[in-house]
Amino acid sequence: MLNFIKKKPLLTLLVILITICIISLFYSVIVKEHIKADRIHITENGDTEFAPFPPSIHHPLGTDRGGNDLVLRVLDGAKYTIFFITIVSLARIIISITCAYLLVFPLKKVSNKIQLFLMPFQYIPAFVLVNILSPDLIFLKTQMGYTKMIIIQLLIIIFVGFPILINTVSNEMKEIVKSSYIEASMHLGASNWRILTKHIVPVMKNRLISLFLQQISANLLLLIHLGVFKYFIGGIKPGNIAADPERDAKYLSQSGEWAGMIGQSINDILTAPWILFSPLLLSVIFLIIVNLLSKQEVKIGEN
């Protein structure tokens, strides 16, 4: 098992992601409607306690202010988080390879100028660009609907990340193109497309896989940053974590993805810290696993 993980880090990650998503879907579709919130406890002394409840045997990560088990909430939001960051990461890699190909071959004469134009993007925090480029989510949801709003969010988050990747991939492609065997292929009449697919991509395969894994980590961190600033994937919904319409009305994450759970729970850090730290802890564990697999992929490439 350990040898398989070392040899196939990308496949290992895909198995983990697919397994989590299947369990999350199973819970959301079949089990969720049968789970009741645990809002009130009667102690042995006859005292009444109200949610949120701290971690215990019955609730390993505790409950939120509505009495919902945080393990189940994190599990419910996993599919949205994993699906979103995977789509964004894959789209960025594909766009970067395509644009790098154009810069290295058809647009070779102006590639340095284009790369110089893209360079400032690496100095601007991605969450700042997302907030600048994104329209008001409530307006988007009202005017265009829920699905189109998520598509716009997806496109914006893809956009803010691929300029840096384009420079990274194109620079590495340029170095590979200088190799003698590729120059020989050019002299023999090989097309640019054949050189890309038969020579460059196979050489860069491990590097591209490593970049994909790094993007998954970077995108989850980006979503967490956005969540802290109340920018939730899927928008917001009016609600109250305290399950009391008369107290402290708040806006909650519509989708319930991990970053949204973290962002909407910032104010609970003093009174019920487990509400914040439960999704944060699982996000950190997920990031550690992805980073370890990414480093293993780099080692495979070096060997």
Side-chain angles (χ1 to χ4, degrees), residues 13 16-17 19-41 49-86 127 216-244 247-292:
L13 180 64
I16 293 172
L17 297 182
T19 302
I20 294 174
C21 286
I22 290 174
I23 295 173
S24 178
L25 279 170
F26 177 80
Y27 166 74
S28 300
V29 175
I30 299 176
V31 179
K32 185 178 179 179
E33 61 181 12
H34 302 292
I35 302 295
K36 295 182 179 180
D38 187 10
R39 294 191 175 95
I40 301 175
H41 280 178
E49 295 180 345
F50 298 93
F53 301 113
S56 64
I57 295 176
H58 299 292
H59 304 290
L61 295 180
T63 72
D64 62 14
R65 294 189 180 277
N68 302 298
D69 188 279
L70 287 172
V71 171
L72 298 179
R73 280 195 59 196
V74 171
L75 181 62
D76 189 29
K79 57 185 178 296
Y80 303 113
T81 307
I82 291 172
F83 181 76
F84 193 89
I85 62 177
T86 303
F127 76 92
I216 286 181
S217 296
N219 288 323
L220 180 54
L221 285 172
L222 173 58
L223 294 189
I224 292 173
H225 291 158
L226 292 171
V228 171
F229 287 91
K230 304 298 187 253
Y231 184 97
F232 302 142
I233 301 304
I236 58 178
K237 63 179 180 180
N240 187 10
I241 299 177
D244 182 353
R247 291 173 50 198
D248 193 20
K250 299 180 181 180
Y251 284 100
L252 311 180
S253 170
Q254 179 75 40
S255 63
E257 41 85 26
W258 292 351
M261 288 180 64
I262 293 170
Q264 72 185 29
S265 304
I266 293 293
N267 295 332
D268 294 307
I269 191 169
L270 295 179
T271 56
W274 58 88
I275 299 177
L276 170 63
F277 288 122
S278 293
L280 186 59
L281 174 63
L282 292 175
S283 297
V284 169
I285 293 172
F286 181 81
L287 288 171
I288 291 172
I289 293 172
V290 173
N291 287 333
L292 289 174

Pairwise side chain to side chain donor-acceptor pair (under 3.5 Å) hits with a residue in residues 272-289, at least two apart: none
Check: F53 main-chain N/O paired with T63 side-chain donor or acceptor under 3.5 Å: yes
With rounding to the nearest 0.5 angstrom, report the CH2 to CG distance, W258 to L75. 9.0 Å
Aromatic plane relationship, F127 with F229 - under 30° parallel, 30 to 60° tilted, over 60° perpendicular: parallel
Close side-chain approach of L223 and N219, heavy atoms under 4.5 Å: no
When rounded to the nearest 0.5 angstrom, what is the spacing between CD1 in I224 and CD1 in I262? 4.0 Å
Quick one: pull up CG in L276 and CD1 in I269 and give me the separation to the nearest 0.5 Å. 5.5 Å
Could you measure the distance from the CD1 atom of I16 to the CZ atom of F286? Nearest 0.5 Å is fine. 8.0 Å
Under the 3.5 angstrom rule, does the side chain of S24 hit a backbone N or O of I20 as a donor-acceptor pair? no
Those residues at least two apart in sequence (or on a different chain) that pass side-chain hydrogen bond (donor to acceptor under 3.5 Å, both in side chains) with D76 are S28, K32, K79
Without swapping roles, check the side chain of D268 against the backbone of A272 for a donor-acceptor pair under 3.5 Å. no
Side-chain heavy atoms of I35 within contact of D69, under 4.5 Å: no
Closest heavy-atom pair and its distance - L70, L61: CD1-O, 3.3 Å
Beyond-backbone contact of L13 with I216, side-chain heavy atoms, under 4.5 angstrom: yes
Can any side-chain N or O of R39 pair as donor or acceptor with the backbone N or O of G66 at less than 3.5 Å? yes
Got T271 and R65 here, is their nearest side-chain heavy-atom distance under 4.5 Å? yes
Under a 3.5 Å distance rule, please check whether N291 uses its side chain to pair with a backbone N or O of L287 as donor and acceptor. yes
Does any part of the side chain of Y27, heavy atoms only, come nearer than 4.5 Å to the side chain of L72, both counted from C-beta? yes
